[in-house]
Number of protein chains: 2
Amino acid sequence: MGSPWKAISDGNRRKILMLLKKKDMNPTAIAKHFDFTLPGLSAHLRILKDANLVIERKQGQHVLYSLNKKGSVEMIRFFVNVWGYEINSPKSIPL
Amino acid sequence: MGSPWKAISDGNRRKILMLLKKKDMNPTAIAKHFDFTLPGLSAHLRILKDANLVIERKQGQHVLYSLNKKGSVEMIRFFVNVWGYEINSPKSIPL
DNA sequence: AAAATACTTAAATATCTAATTAATTAAATT
DNA sequence: AATTTAATTAATTAGATATTTAAGTATTTT
């Protein structure tokens with residue numbers, strides 16, 4: 001289980017998350033939005049997956065990636081604790 | 001202006017922020033909570049300061065550090081945009 | 001079954017980051 | 001004025017991170 005903080009500290013990975021917010025995508029489709037190679041992207045996706053920030057599911061030959069809220073909870077909790085942000089999500093986020 | 005994401009990605013720096021939440025502190029006092037040296041801590045504080053996550057003010061021979069909410073806003077905004085968290089801060093955080 | 005497509009893993013490398021010791025600046029105390 | 005205390009800057013080093021090319025695995029198509 002990798003650190004979500006390390007995962008999200010990279011600008012390219014944050015951009016990947018922004019893309020996945022709009023719709024689930026496979027690596028090849030995601031890669032079109034970046035300058036680096038597919039293996040490079042694959043490494044980023046693995047880091048996001050290990051941090052529970054994305055989920056992958058196989059669809060035949062393709063692999064679809066989608067957002068996973070789980071890994072974000074620990075981070076939100078930190079913002080609540082340190083800066084006093086108040087979150088409206090009594091159910092989904094146990095703080 | 002350094003990246004708040006990079007600043008917060010380090011566990012020691014997050015611990016510093018947790019300490020400053022309780023009370024304002026100077027580098028020597030903060031350093032007692034860690035294993036590394038004062039110059040090491042000084043580097044961490046500079047990174048937090050450059051990211052607008054802390055503020056420093058001189059008090060004679062001492063330098064007091066305290067939390068700065070400013071640098072956290074960009075990050076919270078990301079959580080709102082990507083994972084749909086809802087924040088209760090209509091005034092302080094323009095989303 | 002051969003070829004093409006989609007993706008990951010491996011190996012190598014260049015850059016970034018965190019930490020240390022030594023030197024420097026500045027304020028308070030003796 | 002000399003010394004102690006507080007903190008930062010500089011130079012160095014070890015380890016982590018991002019990226020590339022080349023090789024490998026799996027699925028679909030011909």
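Chain identifiers are assigned alphabetically (A, B, ...) following the order of the sequence lines, protein sequences preceding nucleic acid strands; residue numbering begins at 1 within each chain. These numbers come from a predicted model, not from an experiment.
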Applying side chain to side chain contact (heavy atoms under 4.5 Å, CB included) to A:Asp24 and A:Arg57, what does each step give before you reach the verdict? CA-CA 10 Å; A:Asp24 297 359; A:Arg57 62 183 193 281; 3.2 Å; yes
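- When every heavy atom of A:Ser9 is checked against every heavy atom of A:Arg14, the shortest pair comes out as O-NH1, 3.2 Å.
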Side chain to side chain contact (heavy atoms under 4.5 Å, CB included) for B:His44 and B:Phe34? Distances and angles first, verdict last. CA-CA 12 Å; B:His44 284 306; B:Phe34 295 93; over 6 Å; no
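- Whole-Å rounding puts the B:Arg13 CZ to C:dA19 C1' distance at 12 Å.
- Dashed line: the shortest gap from a side-chain N or O of A:Tyr65 to OP1 or OP2 of C:dA6 is not under 4.0 Å.
- The structure places CD1 of B:Ile87 at 4.0 Å from CD1 of B:Ile76, a figure rounded to the nearest 0.5 Å.
- Of all the heavy atoms in A:Ile30 and A:Met25, the pair that sits closest is CG1-CB, 3.6 Å.
- When rounded to the nearest whole Å, the span between NZ of B:Lys15 and C1' of C:dA18 equals 16 Å.
- Nucleic acid contact class of B:Ile47 (heavy atoms, under 4.0 Å, all strands): sugar-phosphate only.
- One interatomic measurement links the two molecules: CG of B:Asp50 to P of C:dA18, which rounds to 13 Å at whole-angstrom precision.
- Nearest approach of B:Leu53 to B:Ala7, heavy atoms of both residues: CD1-CB, 3.8 Å.
- Rounded to an integer number of Å, the gap from CZ of A:Arg57 to P of C:dA6 is 17 Å.
- For B:Asn12 and C:dA19, the CG to C1' distance is 10 Å, given to the nearest whole Å.
- Near DNA chain D, meaning a heavy atom under 4.0 Å away, the residues from residues 16-46 of chain B are B:Asn26, B:Pro27, B:Thr28, B:Leu38, B:Pro39, B:Ser42.
- Extent of DNA chain D lying under 4.0 Å from chain A heavy atoms, first and last nucleotide in 5' to 3' order, is D:dT17 to D:dT28.
- Of all the heavy atoms in B:Lys6 and A:Asp10, the pair that sits closest is NZ-CA, 4.4 Å.
- Residues B:Leu41 and B:Ile16 form a side-chain contact, since some pair of their non-hydrogen atoms from C-beta on lies under 4.5 Å apart.
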Pair pattern of DNA chain C in dot-bracket, where unpaired bases get dots and | marks partners in another strand, Watson-Crick or G-U under 3.5 angstrom: ||||||||||||||||||||||||||||||
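- With A:Trp83 contributing its side chain and B:Asn68 its backbone, the two residues share a donor-acceptor pair below 3.5 Å.
- Under a hydrophobic-cluster definition in which Ile, Leu, Val, Met, Phe, Trp and Tyr are linked whenever side-chain heavy atoms come within less than 4.5 Å, directly or via other members, B:Phe78 and A:Leu19 are assigned to the same cluster.
- A:Lys15 approaches A:His33 most closely through the heavy-atom pair NZ-O, 3.0 Å.
- Positionally, the nearest nucleotide of DNA chain C for A:Lys6 lies more toward the 5' end than for the other of A:Lys6 and B:Gln59.
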